[in-house]
Amino acid sequence: MAIDGRNLQILANYCAAAADAMAFTLMRTAHSTFVKETEDFSCQIVTREGLAFASPRSFGAPWYSGIDYAPVLELIDDYQEGDICITNDSYAGNVATHSPDIHIWKPVFYQGQIACFVVGHIHNTDVGGAVPASLSRSLTEIVQEGLRIPPLKIISGGKLNEDVARIMRLNVRAPDQNWGDFNAQIASVNIGERKVQEIIARFGIEDFLQGVEGILDYAEQQARNIIATIPDGEYFYADYADEDTDGGYPCRIAVTLRVTGETLELDYTGSDPQLTSSLNMPTGGRERHPLALVGVTYVLSTLDSRLLLNAGTLRPTRAILPSGTVMNCEEPAAVGMRSLTCAVSQIATLGAFSLAVPDRLPANSPGGNSIVNIRTVDAQSRTVVASIGPVGGGAGGTPRHDGPDGSGGLSAFLKNTPVEINEAEVPILVRRYGLQPDSGGAGRYRGGMATVMEFEITAPNTVVTARNRNRSVFASAGAAGGNAGKNSSFQTNPGSAGEVEHGNIDVIKCGPGDIVRLIGPGAGGYGPARERSPQSVLRDVQCGFVSLEGARRDYGVVIHNGAIDAFETEITRSTMAEAGNEHFDYGTARREFEQVWTRQRYSLLTEFLAAMPVVWRHFLKHQVFAAVAAQDKPADEQAMTQQMAEILHGLVNKFPAIGGQRPA
């Protein structure tokens with residue numbers, strides 16, 4: 001049959017259904033909560049060259065819908081029927097992007113030739129390393145982040161490599177859980193293989209091979225058509241993680257979006273240098289690396305929900321990822337928290353697009369979802385390592401409606417873990433789980449509210465890891481006159497004499513009776529808050545989304561005895577400040593920070609660090625920040641440039657080893 005038009009759509013549906021079957025199998029047979037409940041996994045069918053052309057339509061992590069497996073496919077010398085390969089090494093092909101992500105792939109043979117590969121990954125709750133759950137901002141090199149498996153055949157001709165299997169089980173904290181998840185992965189690709197062979201039997205091998213190329217081409221043309229509706233131009237946006245290491249300075253992700261006809265270029269020059277913490281992204285400089293372009297996928301899907309998501313979607317786009325930076329680190333940099341950096345880069349990408357089409361995209365999502373893991377013991381003194389779900393925020397308010405509360409935005413298809421599952425599988429007592437009032441940014445359309453989780457520890461020597469802690473300093477920006485969202489918090493024993501606020505620290509030790517409370521960051525609002533319907537504000541108050549005080553303070557709506565006081569509301573709203581001319585409201589902390597760290601100052605720092613050896617860059621960044629903080633703010637840009645020149649020159653003289661010279 002001819003593979004065009006209707007038949008191409010039929011083939012695409014069959015392939016998507018096969019990917020769905022892989023995802024169903026994985027989700028239903030996995031052992032860990034993080035896979036079977038949160039669904040942090042991916043499943044794809046990729047071409048013989050490695051380009052993804054089918055993914056699950058509503059399961060797992062869609063970050064990988066445009067993935068290219070070619071760099072790891074090429075690292076295996078030959079493929080035979082029954083082979084299954086594995087890796088989690090971030091520096092071997094840059095497909096696995098941190099150690100907990102175990103990727104596997106299996107060739108699908110038909111009549112003696114490889115027709116495609118079925119692939120996928122899961123995020124293991126723990127793969128060993130320095131801390132429970134393997135990941136922390138404080139780690140400094142990849143060897144601290146757990147077991148590394150180079151690309152190899154874990155199953156060869158249908159036979160398990162027992163030596164590798166023993167190594168995998170020996171070096172993790174919950175071997176039975178990990179091995180159960182691994183077997184679920186095996187079942188997933190085996191189902192995928194069978195489904196693809198059925199599709200080929202229906203369509204024929206030649207039409208199948210032609211058809212998958214057609215699916216990629218169709219997605220590419222869809223993407224080009226969407227891009228053509230965006231005004232040509234250059235758009236700059238930057239955003240920050242609160243800290244580049246524990247107690248450090250902000251970590252900046254900067255992107256310049258260039259739109260030319262039907263093509264996009266994302267230039268990440270100006271982003272922070274490679275860090276001696278685990279926020280680095282191991283993209284290998286690949287111009288279509290999915291982690292660098294997730295934001296593009298989200299934007300194009302927002303602008304046209306009919307878009308097919310596969311590797312063809314990203315063909316009109318290229319990323320510039322300077323080497324030795326947080327967006328393209330060099331070995332042996334730690335990379336475990338690359339998910340936080342990726343979230344910030346997504347926000348920066350959406351921010352740049354929002355400047356191009358401000359009436360078509362929402363305000364900022366939080367970008368600081370904490371993945372909460374616990375290492376403890378149960379009543380039988382058995383070790384328990386489990387994820388109890390993400391604690392984050394909702395999506396930004398849009399030009400037409402409020403942002404979804406508690407999820408959405410950059411949360412992809414990842415789901416929360418029900419309280420009943422957490423209490424059944426982890427020895428904790430959940431005291432509160434819900435939405436945090438007044439957390440969403442005020443606006444004509446309110447930003448999505450944050451979630452709050454509070455639980456009691458029941459065993460000694462318990463370690464709580466809150467991966468991706470962020471937004472306790474810088475808020476999620478509001479747009480088009482909307483206000484920024486509220487900050488996150490991480491506390492133990494709140495409201496008591498022993499209350500501790502941990503900020504962005506992501507690993508804490510607790511004992512029996514300790515109470516842990518996490519509040520995620522709220523999303524930004526869209527449009528001026530005083531333009532929000534008073535009835536909508538009243539409904540938010542009645543639902544517990546906004547407090548009475550918040551209604552008056554943030555929206556100018558006065559409510560007495562459950563009813564709107566129209567007279568006082570009119571007076572209060574007349575005194576509210578007019579929205580400024582800027583498209584984004586970044587919140588007080590970022591405005592104050594950028595009064596010192598202007599775009600021009602960052603440009604001077606970027607140019608200086610790019611000329612330095614990679615191993616020096618993070619250290620020198622901190623030296624420059626400390627020197628700037630110790631001096632008075634210059635009166636104008638020329639004086640600031642002179643100040644920076646003196647600081648940078650002084651550092652080169654102070655540390656002659658930068659240039660390879662021995663100290664005198």
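No hydrogens, no waters, no symmetry mates; every other heavy atom, side chains included, goes into these values.
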Give the minimum heavy-atom separation between [X] and [Y], together with the two atoms involved.
| X | Y | value |
| --- | --- | --- |
| G393 | P366 | CA-CG, 3.7 Å |
| Y64 | H121 | CE1-CE1, 3.4 Å |
| L435 | F545 | CD1-CE2, 4.1 Å |
| T38 | G389 | OG1-CA, 4.3 Å |
| G520 | A450 | O-CB, 3.0 Å |
| A477 | A363 | O-CB, 3.7 Å |

Interatomic spacing from [atom1] in [X] to [atom2] in [Y] - rounded to 0.5 Å:
| X | Y | atom1 | atom2 | value |
| --- | --- | --- | --- | --- |
| S354 | N364 | OG | CG | 8.0 Å |
| T572 | R552 | OG1 | CZ | 5.0 Å |
| L518 | T451 | CG | OG1 | 8.5 Å |
| N416 | I421 | CG | CD1 | 11.0 Å |
| L321 | M281 | CG | CE | 7.5 Å |
| M27 | E37 | CE | CD | 9.0 Å |

Between [Y] and [X], does any NZ, NE, NH1 or NH2 come within less than 4.0 Å of an OD or OE carboxylate oxygen?
| X | Y | value |
| --- | --- | --- |
| D402 | R532 | yes |
| R469 | E243 | no |
| R258 | D267 | yes |
| D101 | R338 | yes |
| R360 | D304 | no |
| E425 | K36 | yes |

>> Walk me through whether S339 and H98 qualify under side-chain hydrogen bond (donor to acceptor under 3.5 Å, both in side chains).
In response: CA-CA 9 Å; S339 48; H98 62 184; 5.1 Å; no
Report yes if the side chains of [X] and [Y] come closer than 4.5 Å at any heavy-atom pair, otherwise no.
| X | Y | result |
| --- | --- | --- |
| I320 | E265 | yes |
| V255 | S345 | no |
| S488 | I519 | no |
| E568 | I571 | no |
| I428 | I388 | yes |
| E423 | L429 | yes |
| S278 | L135 | no |

> Can you list the steps and then say if D514 with T492 is a side-chain hydrogen bond (donor to acceptor under 3.5 Å, both in side chains)?
Replying inline: CA-CA 7 Å; D514 281 340; T492 47; over 6 Å; no
Backbone N/O of [Y] and side chain of [X]: donor-acceptor pair under 3.5 Å:
| X | Y | answer |
| --- | --- | --- |
| R252 | G270 | yes |
| T569 | V558 | yes |
| S476 | G522 | yes |
| D232 | G261 | yes |
| E499 | G495 | yes |
| D585 | A484 | yes |
| R471 | P521 | no |
| D242 | S472 | yes |
| R573 | R530 | yes |
| E501 | G503 | yes |

> How are the rings of Y237 and Y586 set relative to one another: parallel (under 30°), tilted (30 to 60°) or perpendicular (over 60°)?
Replying inline: tilted
>> Applying side-chain hydrogen bond (donor to acceptor under 3.5 Å, both in side chains) to T417 and N422, what does each step give before you reach the verdict?
In response: CA-CA 7 Å; T417 304; N422 281 332; 4.5 Å; no
Counting only heavy atoms not in [X], do more than 12 sit closer than 6.0 Å to its [atom1] atom?
| X | atom1 | value |
| --- | --- | --- |
| E570 | CD | no |
| Y218 | OH | no |
| Q542 | CD | yes |

> Restricting to pairs with a member in residues 341-359, which pass salt bridge (charged side-chain N to carboxylate O under 4.0 Å, His left out), not counting sequence neighbours?
Replying inline: none
> Quick one: ring pair (Phe, Tyr, Trp, His ring centres under 6.0 Å) partners of F474, sequence neighbours excluded?
Replying inline: Y240, F593
>> For a side chain to side chain contact (heavy atoms under 4.5 Å, CB included) check, start with the C-alpha distance between L309 and S301, then their side-chain angles and the critical distance, and finish with the verdict.
In response: CA-CA 8 Å; L309 298 182; S301 295; 3.3 Å; yes
> Between L279 and V344, is a side chain to side chain contact (heavy atoms under 4.5 Å, CB included) present by the stated rule, with each step listed?
Replying inline: CA-CA 11 Å; L279 273 69; V344 177; over 6 Å; no
